[in-house]
S.K.: 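Please find one structure pasted underneath; my questions will follow.
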Amino acid sequence: MKAASSALFLEFSLLCEKLSSTSSNSEKVRLLASYLRNLESEDLGIAVDFLLGRASRVRSSEGRANVAFATVRDALCQVVTFSDDQLLQLYKEHGDLGEVAMELLSSGHAAPLVRGQLTLKRIRDGMDDIASAQGSGSEKRKVMTLTGLLLDSSPLEAKYLIKILTSDMRIGVSEGFIAEAAAEAFSVGKEAVRKAYLLVNDMSKVAVMAKEGRLSDAGFSLFTPIRPMLAEPASSARQIIDDMGRCYVEDKYDGIRLQVHKKGGEVRLYSRAMDDVTRFFPEIVEQISRLNEDFALDGELIYEAGGRLRFFSLQKLLRNEGRREKHPLKFVAFDALYAKGRSLLDLPLVERKRELFALGYDNCAPFKEVSAPEDLERAFKDSIARGNEGIVAKDPESTYQPGARGKRWFKLKKALDTLDVVVIGAQYGNGKRKGLLSDYVFAVRRSRDDPTLVPIGKAYSGLTDEELRDYHDFFMRNKIGEKGNTVWVLPRLVIEVGFQSIQRSARYESGYALRFPRIISVRADKKLDEIDDLQRVEDLFKAQG
DNA sequence: GCTGATGCGTC
DNA sequence: GTCGGAC
DNA sequence: GTCCGACGACGCATCAGC
């Protein structure tokens, strides 16, 4: 008898099948709980990671394996024969690489006579191998390892193998359900599991803690980031006041969310996804390490010069390790999570602000208390005038709720600009939008006198499923060509797109692109000669300052 | 050494 | 970041 | 209220292939 036995991957795959075919939340929890209950600790950790599409633990906190379409295609090539056309066709039909793999394997070209048995641990080892591949030849190595696993996979197992590897599970299960299931499986309180998760921030660890009765070990600790609290979008100052009454308001900066932990001489910076980004921003480390106290702060990293380009300037630095030049970076702190040796998460904002300002850090975000819509409105205008995105309004009595987008923090952003554009193409969707033209490419006129259409962006967001289905048929009737994933259509459908701002772009012929585009309405009343032109785009771009 | 494809993380 | 859909 | 999935633009790192 082998000591290192491990749960079968086939059972895991069957569970996933059941999960994806049920829409009932309670049924999902029940299925998960009865599966998780019988796993020993190591398998439990792996199973939770896999359920969340987290392939490996090496190299990346988010479990990414640096594998997507191309690598999977190359591995499948080793196992089954198919043409490029076939593959694209299948992908178009299924909108999901895992399902494509299942389909290809079940056509039965290459099933070996004897298949090794796949266990969770064996898959995890393979995933680790793939994720840790680096340097010259790493692509080949990834393909080889994946091929090895595929050779031992039944079609169903291949489906989930690929889904995990590409972090593309789509089984309707995420952290929330796992938390509930772990509570049920190991007979512990749901709240205890949730609370541990907010602090430990790793569902696979939390599940194991629940199993082993160690949930109470969880506590806030320095150098373990927590999920940042989020703000709910609001449509007006009045709505915010109606919901919260009195609130604290501060500017919404166009930067990068940052959590700063300091203990003694050690300073660590964490991004919104809780990746350690310390190495990219030495300026901030230097500023923070001058301070005396130990603490954890929440705030926004901003670029102080560059006008409209502030966010882009930051983005350039984000992966740029070991640079020599200095940049005008500033960490604006707006919350304190930990100070004086204790967690502040359960204190109301009023007191957290007090603790924050008591640290003597000179870049705390200024804030004001308001209780009238007009005052909030004024704060909003002032913020825009300072070149910021809008405001965030917070309930002074609220505790810090990690990861929550509740009605305790609201954000109010600048009103959208809009353009009337015409749809010139549409792309096939993935997952639940498989086989559906679900992403529209649109264009403006070159000028008032020149009706040539120049592409400027893509959008789907804003349409309902029903509308997508209707326009799918419309586009198929107006199809004039097809290339890759895109169907080109006669320019007949005029839509109004909203966006946050306009960017220079090499991606589109127009030379511009839209930030956060969405479809506001379909302008069936408008004709092709009524859409906006490039001149207007340029005007809007310049007006941004 | 350069270029294009690919992957990933920020908003 | 955005949004719609389902519970 | 909350969770989930289907999507936008950008820029950088990495690797394959020339």
Side-chain angles (χ1 to χ4, degrees), chain A residues 20 22-28 53 59-62 64-74 95-96 133-142 166-180 230 232-233 252-258 271-275 277 280 300-301 309-321 323 389 403-407 411 413 416 427 429-434 436 438-442 456-468 497-508 512-520:
Chain A
S20 62
T22 177
S23 62
S24 152
N25 289 350
S26 50
E27 179 66 7
K28 278 183 197 166
R59 282 189 75 181
S60 157
S61 59
E62 287 297 295
R64 299 254 169 204
N66 292 301
V67 166
F69 189 88
T71 312
V72 171
R73 175 197 57 207
D74 293 349
D96 182 299
Q134 236 178 327
S136 188
S138 61
E139 280 302 316
K140 282 207 181 70
R141 175 153 169 211
K142 284 188 202 169
T166 53
S167 299
D168 212 0
M169 292 301 281
R170 291 195 265 240
I171 51 176
V173 167
S174 193
E175 276 88 352
F177 286 128
I178 308 259
E180 272 195 53
L230 304 172
E232 175 99 359
K252 184 174 192 310
Y253 303 95
D254 187 12
I256 291 177
R257 189 77 177 267
L258 210 59
S271 71
R272 177 171 159 172
M274 294 159 296
D275 281 352
V277 294
F280 303 128
E300 189 92 356
L301 172 66
L309 299 173
R310 275 165 306 184
F311 177 71
F312 288 139
S313 308
L314 276 178
Q315 216 174 9
K316 285 191 217 301
L317 305 183
L318 195 52
R319 301 287 194 99
N320 188 348
E321 198 170 343
R323 64 186 156 85
E389 275 192 322
R405 200 191 291 274
K407 294 208 179 284
K411 59 179 169 185
K413 293 178 77 167
L416 299 180
Q427 299 181 324
N430 294 309
K432 65 183 177 187
R433 301 221 198 290
K434 66 184 173 191
L436 190 67
S438 67
D439 197 7
Y440 303 165
V441 185
F442 47 79
I456 190 171
K458 286 195 294 179
Y460 103 94
S461 188
L463 293 181
T464 63
D465 287 3
E466 199 187 343
E467 289 170 313
L468 283 177
V497 290
F499 50 90
Q500 192 72 51
S501 58
I502 294 180
Q503 313 158 340
R504 279 238 115 90
S505 167
R507 185 170 305 200
Y508 295 106
Y512 294 95
L514 310 179
R515 176 135 90 138
F516 311 147
R518 60 271 221 180
I519 298 168
I520 304 286

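All chains are named by letter (A, B, ...) in the order of the sequence lines, taking the proteins before the strands, and each is independently numbered beginning at 1. These numbers come from the heavy atoms of this one structure, side chains and all, not from hydrogens, waters or symmetry mates.
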S.K.: Tell me whether the side-chain N/O atoms of A:Asn430 come closer than 4.0 Å to OP1 or OP2 in D:dC7.
M.R.: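 The answer is yes; a side-chain N or O of A:Asn430 sits under 4.0 Å from OP1 or OP2.
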
S.K.: Base, sugar-phosphate, or nothing: which does A:Ile456 touch, judged by heavy atoms less than 4.0 Å apart?
M.R.: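 Counting heavy atoms under 4.0 Å across all strands, no contact is made by A:Ile456.
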
S.K.: Rounded to whole Å, please give me the gap between CD in A:Glu139 and C1' in B:dT6.
M.R.: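 Between C1' of B:dT6 and CD of A:Glu139: 8 Å.
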
S.K.: Assuming nearest nucleotide by heavy-atom distance, tell me which of A:Ser461 and A:Ala506 is located more 5' along DNA chain D.
M.R.: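 Mapping each residue to its closest nucleotide by heavy atoms, the 5'-most match is A:Ser461.
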
S.K.: Please check if the side chain of A:Lys142 supplies one atom and the backbone of A:Thr71 the other of a donor-acceptor pair under 3.5 Å.
M.R.: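 Judged by distance alone, no pair lies under 3.5 Å.
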
S.K.: Please give, in whole Å, the distance from D:dA13 P to A:Leu317 CG?
M.R.: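 From A:Leu317 CG to D:dA13 P: 10 Å.
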
S.K.: Check A:Pro517 against A:Ser461 and note the closest heavy-atom contact, atom names and distance.
M.R.: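 Closest heavy-atom pair between A:Pro517 and A:Ser461: O-CB, 4.5 Å.
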
S.K.: Does A:Lys407 make a side-chain N or O approach to OP1 or OP2 of D:dG1 shorter than 4.0 Å?
M.R.: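 Yes.
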
S.K.: If you look at every heavy atom in A:Glu300 and A:Tyr253, which pair is closest and at what distance?
M.R.: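 Closest approach of A:Glu300 to A:Tyr253: OE2-O, 3.2 Å.
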
S.K.: Please confirm whether any donor atom in the side chain of A:Gln503 sits under 3.5 Å from an acceptor in the base of D:dC10, or the reverse.
M.R.: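 Side chain to base: no pair present.
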
S.K.: Tell me whether the side-chain N/O atoms of A:Arg507 come closer than 4.0 Å to OP1 or OP2 in D:dC10.
M.R.: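 So the side-chain polar atoms of A:Arg507 do come within 4.0 Å of the phosphate oxygens OP1 or OP2 of D:dC10, strictly under.
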
S.K.: Take atom P in C:dA6 and the same atom in B:dT3, then report the distance between them in whole Å.
M.R.: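 These two P atoms come out 48 Å apart once rounded.
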
S.K.: Name the nucleic acid region contacted by A:Lys28, choosing base, sugar-phosphate or nothing; use a 4.0 angstrom heavy-atom cut-off, strictly under.
M.R.: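 Answer is nothing: A:Lys28 stays at 4.0 Å or more from every strand.
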
S.K.: Any Lys/Arg nitrogen of A:Asp74 or A:Lys140 sitting under 4.0 Å from an Asp/Glu carboxylate oxygen of the other?
M.R.: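 Looking at A:Asp74 and A:Lys140, the cut-off is not met.
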
S.K.: Whole-Å distance between D:dA9 C1' and A:Phe442 CZ?
M.R.: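 In whole Å, D:dA9 C1' and A:Phe442 CZ are 11 Å from each other.
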
S.K.: Can you tell which of D:dC7, B:dG7, B:dC11 lies closest to the side chain of A:Ser438?
M.R.: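 Among D:dC7, B:dG7, B:dC11, the one nearest the side chain of A:Ser438 is D:dC7.
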
S.K.: Closer to the 5' end of DNA chain C via nearest nucleotide, is it A:Thr464 or A:Pro517?
M.R.: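 First, find each residue's nearest nucleotide; the 5'-ward one identifies A:Pro517.
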
S.K.: Can you see if the side chain of A:Lys432 gets near the phosphate of D:dG5 - specifically, an N or O under 4.0 Å from OP1 or OP2?
M.R.: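 No, outside the criterion.
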
S.K.: From the options B:dC11, D:dC10, D:dC3, select the nucleotide whose nearest atom is closest to the side chain of A:Phe177.
M.R.: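 From the listed options, D:dC3 comes nearest.
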
S.K.: Under 4.0 Å from a heavy atom of chain A: give me the 5'-most and 3'-most nucleotides of DNA chain C that qualify.
M.R.: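 Endpoints of the contacted stretch of DNA chain C: C:dG1 to C:dC7.
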
S.K.: Within less than 4.0 Å of OP1 or OP2 of B:dT10, is there a side-chain N or O belonging to A:Ser271?
M.R.: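 Checking B:dT10 against A:Ser271, a side-chain N or O does come within under 4.0 Å of OP1 or OP2.
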
S.K.: Is the backbone N or O of A:Phe280 less than 3.5 Å from a side-chain atom of A:Arg319, with the two atoms forming a donor-acceptor pair by type?
M.R.: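 Checking the backbone N and O of A:Phe280 against the side chain of A:Arg319, no donor-acceptor pair under 3.5 Å is found.
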
S.K.: Could you give the CZ-to-P distance, from A:Arg323 to D:dA13, as a whole number of Å?
M.R.: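 Nearest whole value for this atom pair: 11 Å.
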
S.K.: Figure out the CZ/P separation between A:Arg504 and D:dG11, and round it to whole Å.
M.R.: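 After rounding, the gap between these two atoms is 12 Å.
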
S.K.: Examine A:Arg504 relative to A:Phe312 and say whether NZ or CZ is less than 6.0 Å from the centre of the six-membered ring and inside a 45° cone about the ring axis.
M.R.: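 No, cation not above the ring by the 6.0 Å, 45° rule.
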
S.K.: When you get a sec, tell me which of D:dC4, D:dG8, D:dC10 is the closest nucleotide to the side chain of A:Ser174?
M.R.: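 Among D:dC4, D:dG8, D:dC10, the one nearest the side chain of A:Ser174 is D:dC4.
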
S.K.: D:dC7, B:dT6, D:dA9: which one has an atom nearest the side-chain heavy atoms of A:Arg433?
M.R.: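 Among the listed nucleotides, the one closest to the side chain of A:Arg433 is D:dC7.
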
S.K.: Would you mind classifying the nucleic acid contact of A:Leu514 as base, sugar-phosphate or nothing, using non-hydrogen atoms under 4.0 angstrom?
M.R.: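 Sugar-phosphate only.
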
S.K.: Under 4.0 Å, heavy atoms only, any strand: does A:Lys434 hit a base, just the sugar-phosphate, or nothing?
M.R.: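 No contact at all - A:Lys434 keeps every heavy atom at 4.0 Å or more from the nucleic acid.
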
S.K.: Do A:Glu389 and A:Phe311 come close enough that some side-chain heavy atom pair is under 4.5 Å?
M.R.: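 Not in contact.
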
S.K.: Under 4.0 Å, heavy atoms only, any strand: does A:Tyr512 hit a base, just the sugar-phosphate, or nothing?
M.R.: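 No contact.
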
S.K.: Looking only at side-chain N and O atoms, does A:Arg319 come under 4.0 Å of OP1 or OP2 in D:dG11?
M.R.: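 For D:dG11, OP1/OP2 do not have a side-chain N/O of A:Arg319 under 4.0 Å.
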
S.K.: When only distance counts, do a donor and an acceptor, one from the side chain of A:Arg257 and one from the base of B:dC11, lie under 3.5 Å apart?
M.R.: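 Result: no qualifying N/O pair found.
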
S.K.: Heavy atoms from C-beta onward define the side chain here; which of B:dT10, D:dG11, D:dA9 lies closest to that of A:Leu318?
M.R.: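 Among the listed nucleotides, the one closest to the side chain of A:Leu318 is B:dT10.
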
S.K.: Both A:Gly176 and A:Gly457 contact DNA chain D. Taking the nearest nucleotide for each, which residue is further toward the 5' end?
M.R.: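 Whichever sits nearer the 5' end wins; that is A:Gly176.
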
S.K.: Atom CZ of A:Phe311 and atom C1' of D:dC12: how far apart are they, to the nearest Å?
M.R.: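 To the nearest whole Å, that distance equals 12 Å.
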
